[in-house]
Amino acid sequence: MTGFIFDLDGVIVDTAKYHFLAWKKLANELGFEFTEEQNELFKGVSRKRCLEILLDIGNIKSNQEQFDTWMVQKNLDYLEYIEKMNESEILPNVPKILKYLKEEGFPIALGSASKNARPILEKVKLLPYFDVIVDGNSVTKAKPNPEVFLIAAEQLGVVPENCIVFEDALAGIEAANIAGMTSIGIGDEKTLSKADFNFNDFTEISLEFIEKLVNSK
Ligand code: BG6
Ligand code: MG
């Protein structure tokens, strides 16, 4: 049996822009600039680690209380940005692939670093496709640690070797590779060159490709 594991941010929905806006707002309030280029470093990375990197960029020292306040503040701003999200923000062809996998009876999991994964899936109405959700609330070790994908595989009842992971972040591709899963990079091929397969987006992934991949397992 083959299982499929999807990352959320940047794979199913383009939430990276909202994470960026919320981090940029915090950076500006703290008195420095934060660019889209720097935001690339934040993909797939936990909220806590993102704030550590942000404060490094701004050369800002903080005590625990300030750190916690900024974590909360960033998330409140992020929640405001995603408040109005709907199906129109699902990335192209994602529903088609999910529908196909569901109809074929493959188990499907979400493997995301985000603590906001479930409400986002609800907003874009994709929650019913997922048999298992492993998110930032259920893991202790962030990607590239494979924990998130290994828990997903276990809950799906599929051995890691038979899992196929869709990821847009290098940390996520590394996590899938370490877990012994097949990694599919969605996005820039140069950044994701460690992936077993690369596509710019889901419009490039045919159902025949998935069928062949499953049969090769
Ligand atoms: C990942 C994003 O999916 O989730 C990261 O790629 C983000 O950019 C991380 O920092 C944590 O998300 P959240 O919603 O828990 O702050
Ligand atoms: Mg991602």
Side-chain angles (χ1 to χ4, degrees), residues 4-27 34-57 67-83 85 89-92 94 109-124 126 130 133-149 151-152 164-177 179 181 183-189 191-192 194-195 198-202:
F4 288 83
I5 307 177
F6 290 76
D7 173 48
L8 176 74
D9 296 314
V11 168
I12 292 176
V13 281
D14 179 19
T15 35
K17 61 182 181 221
Y18 299 129
H19 280 295
F20 169 65
L21 289 173
W23 285 125
K24 184 176 161 56
K25 184 166 176 279
L26 180 61
F34 177 60
T35 65
E36 288 207 51
E37 211 177 1
Q38 289 165 329
N39 190 55
E40 283 301 306
L41 300 172
F42 284 34
K43 290 189 175 169
V45 176
S46 71
R47 193 184 311 163
K48 181 167 173 282
R49 185 69 199 119
C50 286
L51 181 54
E52 287 167 359
I53 303 173
L54 190 83
L55 296 179
D56 268 355
I57 292 172
F67 191 94
D68 293 345
T69 307
W70 293 333
M71 287 264 284
V72 170
Q73 190 181 325
K74 185 269 169 179
N75 195 50
L76 288 176
D77 288 329
Y78 178 67
L79 289 177
E80 222 171 277
Y81 286 120
I82 63 168
E83 171 69 27
M85 270 185 91
E89 297 191 53
I90 301 172
L91 289 167
V94 170
L110 190 87
S112 166
S114 173
K115 294 188 174 180
N116 297 302
R118 199 176 273 273
I120 290 175
L121 283 182
E122 268 167 19
K123 279 182 206 299
V124 301
L126 290 179
F130 292 86
I133 292 185
V134 186
D135 62 16
N137 300 298
S138 19
V139 295
T140 53
K141 300 177 200 99
K143 299 170 188 175
N145 188 289
E147 185 187 24
V148 60
F149 295 142
I151 296 176
I164 295 169
V165 177
F166 296 102
E167 254 294 347
D168 73 313
L170 176 58
I173 293 293
E174 287 173 344
N177 291 347
M181 302 176 176
S183 55
I184 302 188
I186 305 290
D188 180 35
E189 189 170 352
T191 315
L192 306 175
K194 288 186 180 170
N198 288 90
F199 297 97
N200 283 314
D201 57 46
F202 277 95

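Every number for a ligand or one of its atoms is a count from 1 in the order of the listing.
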Taking the six-membered ring for Trp, are Y18 and Y78 closer than 6.0 Å centroid to centroid?
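No, too far apart.
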If you define the side chain from C-beta out and look only at heavy atoms, does anything of Y81 sit under 4.5 Å from K17?
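When only atoms from C-beta onward are counted, K17 and Y81 do not touch, as no gap falls below 4.5 Å.
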State whether the side chain of E174 and the backbone N or O of P144 hold a donor-acceptor pair below 3.5 Å, judged by distance alone.
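It does not hold such a pair.
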Between N177 (side chain) and K194 (backbone), is there a donor-acceptor pair under 3.5 Å?
yes
Are there any protein N/O/S atoms under 2.8 Å from the Mg ion (ligand 2), and if so, which?
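Near the Mg ion (ligand 2), the protein supplies D7 OD2, D9 O, D168 OD1.
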Tell me every residue that passes side-chain contact (heavy atoms from CB on, under 4.5 Å) with A113, counting only those two or more places apart in sequence or in another chain.
none
Is it true that E167 and S183 share a donor-acceptor pair across their side chains at a distance under 3.5 Å?
no
CG of L26 to OG1 of T69: how many Å apart, nearest 0.5 Å?
10.5 Å
Got a second to check how far M85's CE is from L121's CG, nearest 0.5 Å?
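That separation rounds to 9.5 Å.
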N or O contacts of ligand 1 with protein under 3.5 Å, please list pair by pair.
unit_1: ligand 1; atom_1: 3 (O); unit_2: D9; atom_2: OD2; d: 2.6
unit_1: ligand 1; atom_1: 4 (O); unit_2: D9; atom_2: OD2; d: 3.4
unit_1: ligand 1; atom_1: 6 (O); unit_2: G44; atom_2: N; d: 2.7
unit_1: ligand 1; atom_1: 8 (O); unit_2: F42; atom_2: O; d: 2.9
unit_1: ligand 1; atom_1: 10 (O); unit_2: V45; atom_2: O; d: 2.7
unit_1: ligand 1; atom_1: 14 (O); unit_2: S114; atom_2: OG; d: 2.6
unit_1: ligand 1; atom_1: 14 (O); unit_2: N116; atom_2: ND2; d: 2.7
unit_1: ligand 1; atom_1: 15 (O); unit_2: R47; atom_2: NH2; d: 3.0
unit_1: ligand 1; atom_1: 15 (O); unit_2: K115; atom_2: N; d: 2.6
unit_1: ligand 1; atom_1: 16 (O); unit_2: R47; atom_2: NE; d: 2.7
unit_1: ligand 1; atom_1: 16 (O); unit_2: R47; atom_2: NH2; d: 3.4

If you look only at pairs with a residue in residues 110-122, which of them pass as a side-chain hydrogen bond (donor to acceptor under 3.5 Å, both in side chains), with sequence neighbours excluded?
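Every side-chain hydrogen bond (donor to acceptor under 3.5 Å, both in side chains) pair that includes a residue of residues 110-122, provided the two are not neighbours, is N75-N116.
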